[in-house]
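If you're wondering where the values come from, they're calculated on a predicted model, not measured in any experiment.
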Protein chains: 2
Amino acid sequence: MSIGRVSERTGLSAHTLRFYEREGLFVEPIRRDTAGRRVFGEKEVGWLQVCARLRSSDMPLPDIRRYAELVRQGAGTEAERLELLRGHQARVERRARELRDSLDVIRFKVALYEEHFAAGSADTLWRDGPACAPAE
Amino acid sequence: MSIGRVSERTGLSAHTLRFYEREGLFVEPIRRDTAGRRVFGEKEVGWLQVCARLRSSDMPLPDIRRYAELVRQGAGTEAERLELLRGHQARVERRARELRDSLDVIRFKVALYEEHFAAGSADTLWRDGPACAPAE
DNA sequence: GCTTGACCTCGAGTCGACTCGAACTCCTAC
DNA sequence: GTAGGAGTTCGAGTCGACTCGAGGTCAAGC
């Protein structure tokens with residue numbers, strides 16, 4: 001499978017795929033055809049889909065590289081892989097909570113504006129500072 | 001209130017507060033004492049707490065600046081402010097969903113490792129590619 | 001009067017993850 | 001045989017939001 005096809009299937013640009021290879025993010029070296037072009041298999045696509053998920057939840061590239069290294073080293077590294085995943089899981093959950101908290105504030109302010117619009121008194125907003133939230 | 005005190009109360013560094021002023025993120029110009037030092041009031045602290053929330057949900061500085069500008073302009077700009085907030089709300093909600101989706105994958109993989117550990121067969125993980133998720 | 005510490009300005013540096021562009025090589029189809 | 005398209009390498013550029021550091025000013029306490 002060509003880099004272009006993989007790019008289509010994963011949503012990652014060809015530039016990014018080459019960059020990921022340079023960065024050592026792949027578990028096995030990418031094969032090449034006679035002309036030196038990269039040849040990808042289903043395994044790589046599956047892994048890239050995982051990578052995309054890890055990235056979209058902001059796992060840093062060094063962590064993904066580390067995970068790839070551990071898989072490369074094979075049996076015996078499973079505990080550290082699990083630890084890596086759990087650490088990331090915890091961070092993502094924390095981040096999700098943070099977003100929820102921010103959403104509370106944003107929704108509060110949106111509701112405030114809507115109420116004032118309904119009451120025709122939007123111009124009284126921000127008299128002596130921002131109205132933040134009920135209990136902040 | 002000194003910049004140091006505001007830094008303590010908002011969790012934003014003094015450097016960041018000066019940077020925010022340069023970037024025009026404040027609604028009103030920051031007052032100065034005779035020695036040229038910034039003097040903040042409760043209004044500013046409240047606004048900075050809102051800013052911190054907007055930032056922690058990744059609202060870009062230009063959007064916050066725009067919001068501040070609109071407040072500065074006063075009555076008549078409420079509709080655009082509301083629009084700005086709603087746009088951000090939608091983005092944050094989308095982002096929260098994305099994180100949830102990623103969490104599904106991460107939790108699936110964590111569970112997979114745990115099962116294999118329990119079964120004593122962790123070494124059979126990654127035979128022909130990553131196990132991604134039940135239905136991806 | 002002198003040290004200490006908190007403040008000031010200004011410009012430059014950092015960081016991570018791409019993203020781009022130039023110059024090149026292939027293979028395929030006409 | 002040549003034009004086009006997809007691939008290659010390499011190094012440099014971008015972006016946003018800080019973050020830092022040098023060099024200076026000021027007020028209070030000893």
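- Checked for salt-bridge contact, A:Arg91 and A:Asp63 meet the test: a charged N lies under 4.0 Å from a carboxylate O.
- The side chain of B:Thr16 approaches D:dT19 more closely than any other nucleotide in the set D:dT19, D:dT9, C:dT9.
- Residues B:Leu61 and B:His15 each lie close to DNA chain D; by heavy-atom proximity, the contact nearer the 5' end of the strand is made by B:Leu61.
- Side-chain nitrogen and oxygen atoms of A:Tyr20 include none within less than 4.0 Å of the OP1 or OP2 phosphate oxygen of C:dA17.
- Nucleic acid contact for B:Ser2: sugar-phosphate only, since backbone atoms but no base atoms lie under 4.0 Å from a heavy atom of the residue.
- To the nearest angstrom, P of D:dA6 lies 16 Å from CZ of A:Phe40.
- If you check every strand for non-hydrogen atoms under 4.0 Å, A:Arg32 touches sugar and phosphate atoms only.
- Computed from coordinates, the B:Phe19 CZ to C:dT9 P distance equals 15 Å when rounded to whole Å.
- Remark: C1' of C:dC7 and CD of B:Glu21 are 13 Å apart, rounded to the nearest angstrom.
- Applying the 4.0 Å criterion to OP1 and OP2 of C:dC7, one finds that B:Arg38 has every side-chain N and O outside that range.
- Counting to the nearest Å, the P atom of D:dG16 and the CG atom of B:Leu54 are 18 Å from each other.
- For D:dA17, the OP1/OP2 oxygens have a side-chain nitrogen or oxygen of B:Arg55 closer than 4.0 Å.
- Nucleotides of DNA chain C nearest to A:Arg37 and B:Arg22 differ in position, and the one nearer the 5' end is that of B:Arg22.
- B:Tyr67 and B:Arg81 share no donor-acceptor pair across their side chains, judged by distance under 3.5 Å alone.
- Here D:dC18 presents its P atom at 12 Å from CG of B:Leu48, a figure rounded to the nearest Å.
- Looking at which nucleotide of DNA chain C each of A:Ala35 and A:Leu12 is closest to, the 5′-most match is held by A:Leu12.
- Ion pairing of A:Arg5 with A:Glu8 is present here, as a side-chain N (NZ or NE/NH1/NH2) and a carboxylate O approach within less than 4.0 Å.
- Considering all non-hydrogen atoms of both residues, A:Glu93 and B:Leu103 come closest at CG-CD1, 3.8 Å.
- Counting to the nearest Å, the C1' atom of D:dG24 and the CZ atom of B:Arg18 are 13 Å from each other.
- Here C:dC15 presents its C1' atom at 14 Å from CG of A:Asp58, a figure rounded to the nearest Å.
- The distance from atom CD of A:Glu23 to atom P of C:dA17 is 9 Å, rounded to the nearest whole Å.
- A salt bridge links B:Arg38 and B:Glu21; the closest N-O separation between the charged side-chain nitrogens and carboxylate oxygens is under 4.0 Å.
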